[in-house]
Number of protein chains: 2
Amino acid sequence: MSVRLDEIDRKILGELQRDASQSLDEIARKVGSSKTPVWNRIRKLKEGGIIRQQTVFLDAEALGFEACFFVLIRTSEHEAEWQQKFLKALKERPEVQEAHRLAGDIDYILKVRVKNARAYDEFYQALISEVRIYNVTALLSMEELKSTTMLPL
Amino acid sequence: MSVRLDEIDRKILGELQRDASQSLDEIARKVGSSKTPVWNRIRKLKEGGIIRQQTVFLDAEALGFEACFFVLIRTSEHEAEWQQKFLKALKERPEVQEAHRLAGDIDYILKVRVKNARAYDEFYQALISEVRIYNVTALLSMEELKSTTMLPL
DNA sequence: GTTGAAAGTGCTACAGA
DNA sequence: TCTGTAGCACTTTCAAC
């Protein structure tokens, strides 16, 4: 279900994405409205599931998460049972920040953030002991050039 | 530079990651402290750059961003000038949610979120017209199995 | 770390376009 | 219906202990 948003809704979402700590008054001023309508719109956006979570971004490197891998996975198994087991393993592991099922040659891609290369190896060993995987390629990030979750509305 | 955090700091960050709309009192109660010390800690974490941004996650699909690609890039160019041009192009394009420089065979990986396959093609054409790229592989996401920015503290 | 008080904000009720 | 005004309760912020 796609929700109808007008120009003001889009501006509000833009401001919230940019800085969710702004006050209602501030947002209202920027989008050219006032407190109450903005508050009502935000409530509806939350209820409608458009706004899913309010959170903070932390500096991963400052917190000692110095290694980031993109993991390309091929599997020979495509049964429902295997998929469920694999999905469960991914969800349980906090190192896995993203997981996508892909079209084409490669079946899955993961983004895995860990403290160091050894921690990645531990993750990798644990994963392949839990589920059968045909082929794994790990791409090591040397530098995070850009990172955002902002959608261009 | 890695910053010293104690158990309480880590719990505060955990709570903020989980739900940044909680009140100070609520967080204080959960971490076993009280308002003012928690407030002071959060201020220091912001000043120290540990907390970088407060934002909202939006439902990309509900907003019509139905296509997500991981783009693997090989280039033959490795001069500083080319890199700067490439970096500038990535930063200017809001479709690019993530960009990493990699070690090894593949030079860069991008995560690109767009409304549909045609929008991806427009992005792709624009990119290769701006900077010389030797080889591109696009992996199309069929399903987002997991997506989080939470760090396991 | 605690108390407490001033300033600011979120949320609700209500009235008008 | 949606928008704006007004006000109370709650929260943030910060000084003094």
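So that the names make sense, note that chain A is the first sequence line, chain B the second, and so on, each numbered from 1.
- Partners of B:Glu26 by salt bridge (Lys or Arg N to Asp or Glu O under 4.0 Å), not counting sequence neighbours: none found.
- Listed by chain and number, the residues in a side-chain hydrogen bond (donor to acceptor under 3.5 Å, both in side chains) with A:Gln84 amount to none (sequence neighbours excluded).
- Put simply, A:Ser34 has no side-chain N or O that comes within less than 4.0 Å of OP1 or OP2 on D:dT5.
- The hydrophobic side chain of B:Met150 is isolated, with no ILVMFWY side chain under 4.5 Å apart from it.
- Other residues sharing a hydrophobic cluster with B:Tyr134 under the 4.5 Å side-chain heavy-atom criterion for ILVMFWY residues do not exist; the residue is a singleton.
- Applying the ring pair (Phe, Tyr, Trp, His ring centres under 6.0 Å) test to pairs two or more places apart or on separate chains, none has a residue in residues 15-63 of chain A.
- Residues passing the salt bridge (Lys or Arg N to Asp or Glu O under 4.0 Å) test with B:Lys88, sequence neighbours excluded: B:Glu92.
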Using residues 99-110 of chain B as the side-chain source, report each donor-acceptor pair under 3.5 Å to any protein atom, sequence neighbours left out, with the distance given to one decimal.
from: B:His100; atom 1: ND1; to: A:Ser141; atom 2: OG; distance (Å): 2.7
from: B:His100; atom 1: NE2; to: B:Glu98; atom 2: OE1; distance (Å): 2.9
from: B:Arg101; atom 1: NE; to: A:Glu143; atom 2: OE1; distance (Å): 2.8
from: B:Arg101; atom 1: NH2; to: A:Glu143; atom 2: OE1; distance (Å): 3.0
from: B:Asp105; atom 1: OD1; to: B:Arg74; atom 2: NE; distance (Å): 3.4
from: B:Asp105; atom 1: OD2; to: B:Arg74; atom 2: NH2; distance (Å): 2.8
from: B:Asp107; atom 1: OD2; to: B:Thr75; atom 2: N; distance (Å): 2.8

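- With sequence neighbours excluded, the residues forming a salt bridge (Lys or Arg N to Asp or Glu O under 4.0 Å) with A:Arg113 are A:Glu144, listed by chain and number.
- Sorted by first and then second residue, the salt bridge (Lys or Arg N to Asp or Glu O under 4.0 Å) pairs with a member in residues 46-57 of chain B read B:Arg43-B:Glu47; sequence neighbours excluded.
- Chain A approaches DNA chain C within less than 4.0 angstrom (heavy atoms of the protein), and the contacting nucleotides run 5' to 3' from C:dT9 to C:dA13.
- A:Leu63 has its side chain within reach of B:Leu13: a pair of non-hydrogen atoms, C-beta onward, lies under 4.5 Å apart.
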For nucleotides 10-17 of chain D, 5' to 3', base contacts (B), sugar-phosphate-only contacts (S) and non-contacts (-) with protein non-hydrogen atoms under 4.0 Å give -SBBBB--
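- When the P atom of D:dT3 is taken as reference, atom CD of A:Glu7 falls 14 Å away, rounded to whole Å.
- For residues 8-15 of chain B, proximity to DNA chain D is found at no residue, defined as any non-hydrogen atom under 4.0 angstrom from a strand atom.
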